[in-house]
**Q** 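A single structure is presented below for examination.
Atoms within each ligand, like the ligands themselves, are counted from 1 in listed order.
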Amino acid sequence: MTNTLNDQSTVVTEQTQNLTSITVAHGDGIGPEIMKACLKILKAAGARIRIEEIEIGEKVYLNGNSSGIGNDAWNSLRKTKVFLKAPITTPQGGGFKSLNVTTRKVLGLYANIRPCVSYHPYIHTKHPIMDVVIVRENEEDLYAGIEHQQTDEVIQCLKLISKPGTEKIIRYAFEYARAYGRKKVTCFTKDNIMKMTDGLFHKTFNQIGEEYPDLEKEHWIVDIGAARLAETPEAFDVIVMPNLYGDILSDVAAQITGSVGLAGSANIGDGFAMFEAIHGSAPGIAGLNTANPSGLILAAVQMLVHIKQSDVAERIHNAWLRTIEDGIHTADIYKETISRKKVGTQEFADAVVDRLGSFPLKFATVSYANGDKHFDIQLSPTHEAVKELVGVDIFLHHKDRNPEHLAEILKGLESGGMELKMITNRGTKVWPNGFPETFCTDHWRCRFTRDSQQGVSYQVVIDLLQKVHHCKLAVIKTENLYLMDGKPAFTAAQGQ
Ligand code: NAD
């Protein structure tokens, strides 16, 4: 549905030319009320936009569409390429896939930019000096959504990190920092444990960082990094992270500015962009007119900059800052000692509208004079390594919890130059020389590797699997073991 005029929830402009089409979804829970507030402000500020409304989320899921978004909605997004989205509710259970993750991945929105700023002394926060931008990788990591129950006792979720995906987000973070006059880029990973996946992220950060000598660079293991972010956010500037850490820590960062309701985010790809608040649909306060619409308003400001309407973006952002300074606050940020008036969602929007054309008195006036920054991210060509098969990890569903019994059977199957090297349970070596104290589940990884420097053909692996199958052992899956350019492309076991 396309709206141009006179609907209360629709942006109106007298100009019919030079309108930018955008797709809008009102979402679930508090979504419709914060979107109404946001569109009211866009309209009053003179945003030159034409809105196409789409239905996504709970209703679509419950109508039997497991992705929560239908073909009409995709068609609109393909056409406008700009999406202003209110939060939606993903129904629990029933195999529904996250619409947010789907949209980000299908549209290639690889960079999620989440500015988290404190507004001291007008919004209560323990961190008066905080201006952190979290650049979250948006397509990969555990969000690939590839999960399998493999045995009665064990379920697996695949963590996928790609070289191009990592390079893209890290280059984006450095380009962003440089373009917006930031001083430092920090990277959080857990590469002391996930040496290969998070290791790739960290290594890429170090390599690409060398191309940005003007920027300070640092890396923290995510656990202590998160603790420092929560304690001394003023020590951080731009932080780039893999998907999961970025998801969690941007909520933490927004919350410690005063409320999770304050932060907006831009999801940027090469051809599309989506703008949304970082919070969810808050069903507990839906329909009460108490939700803070600021996250969505600030996301809409990011959208206006993106569609080259910096004048409107500035007008709204400055009026919003003035409203906050004037102590007009929604319940989540209201404090008797610093606020002047507690207002509902729509009244907050009205207060922003009343201040359009005003500027903050204490906060710095926002200027988007330099407009949108488009970064031309060039990826390095993929190096094709010399790949040599040297073994296989065979994963078994096996109820006998004694690894010695399993080893005895598997030793008898060695053939084709492959020998049983070790057995692990949940990644910990339990054979040979395992500890009897190690708790074992019904999920075993049995590593066979070549017994000489001879390469192994895949046929040898297939023959071995056939023997395992004939012994009535239940194979769940296999992972081939390779040397890439002569180096092992797999990790050792814990305790190996
Ligand atoms: P939530 O962000 O909706 O709520 C967390 C807490 O913050 C609640 O106490 C809520 O009342 C409060 N809160 C959130 N936004 C607020 C606002 N604007 N003003 C005042 N208070 C606010 O997180 P949740 O409860 O974990 O998730 C609820 C639903 O939202 C779930 O179905 C989840 O899947 C969905 N969700 C959607 C998105 C999205 O659409 N982008 C993101 C996260 C969660």
Side-chain angles (χ1 to χ4, degrees), residues 23-38 54-62 66-69 73 83-105 107 109 112-114 116 123-124 134 136 138 143 145 243-244 246-267 273-300 302-303 320 324 328-335 339 342-349 352:
T23 301
V24 165
H26 292 259
D28 302 314
I30 59 170
E33 53 203 284
I34 61 171
M35 185 57 85
K36 182 178 170 192
C38 179
I54 58 169
E55 178 104 66
I56 56 167
E58 208 170 12
K59 261 196 223 146
V60 182
Y61 281 119
L62 299 177
S66 67
S67 61
I69 176 165
F83 189 13
L84 180 63
K85 176 184 158 294
I88 59 114
T89 302
T90 310
Q92 293 292 306
F96 301 113
K97 297 298 279 183
S98 162
L99 159 67
N100 299 312
V101 175
T102 305
T103 313
R104 289 169 189 154
K105 290 171 73 156
L107 300 181
L109 308 175
N112 192 334
I113 315 303
R114 300 183 154 193
C116 298
I123 296 180
H124 175 72
I134 292 181
R136 163 188 170 193
N138 222 11
Y143 290 63
N243 204 341
L244 179 65
D247 190 2
I248 297 168
L249 292 180
S250 54
D251 265 33
V252 172
Q255 185 67 35
I256 64 174
T257 67
S259 168
V260 73
L262 288 169
S265 77
N267 298 265
M274 173 169 85
F275 302 87
E276 59 182 346
I278 74 157
H279 58 75
S281 58
I285 55 169
L288 301 180
N289 190 41
T290 56
N292 189 343
S294 298
L296 190 60
I297 295 169
L298 294 178
Q302 288 178 287
M303 178 193 76
W320 180 84
I324 296 296
I328 315 289
H329 294 167
T330 44
D332 57 322
I333 53 172
Y334 180 84
K335 272 261 175 313
S339 307
K342 191 194 278 184
V343 291
T345 312
Q346 302 313 319
E347 294 69 34
F348 181 84
V352 175

**Q** Please confirm whether Gln92 approaches ligand 1 to less than 4.0 Å, judged on its heavy atoms.
**A** no
**Q** Return the option from Asp332, Thr290, Ile30 holding the heavy atom at the smallest distance from atom 16 (C) of ligand 1.
**A** Ile30
**Q** What about Gly280: any of its N or O atoms under 3.5 Å from an N or O on ligand 1?
**A** yes
**Q** Would you please determine whether Gly295 falls within less than 4.0 Å of ligand 1 on a heavy-atom basis?
**A** no
**Q** Taking distance alone, with no angle check, do Arg104 and ligand 1 share an N/O pair under 3.5 Å?
**A** no
**Q** Which bit of Asn292 gets closer than 4.0 Å to ligand 1, counting heavy atoms only: side chain, backbone, both or neither?
**A** both
**Q** Any nitrogen or oxygen of Ile278 lying under 3.5 Å from a nitrogen or oxygen in ligand 1? Just yes or no.
**A** no
**Q** Of the backbone atoms (N, CA, C, O) and the side-chain heavy atoms from C-beta on, which set of Ala331 has a member under 4.0 Å from an atom of ligand 1: side chain, backbone, both, or neither?
**A** neither
**Q** Hey, looking at atom 31 (C) of ligand 1, which of Ala25, Ser281, Ala277, Ala254 has the closest heavy atom?
**A** Ser281
**Q** Below the 3.5 angstrom mark, is there an N/O of Ala291, backbone or side chain, next to an N/O of ligand 1?
**A** no
**Q** Strictly less than 4.0 Å: does any protein heavy-atom distance to atom 11 (O) of ligand 1 fall in that range?
**A** yes
**Q** Taking N or O atoms only and a 3.5 Å limit, does Thr89 qualify as a polar contact for ligand 1?
**A** no
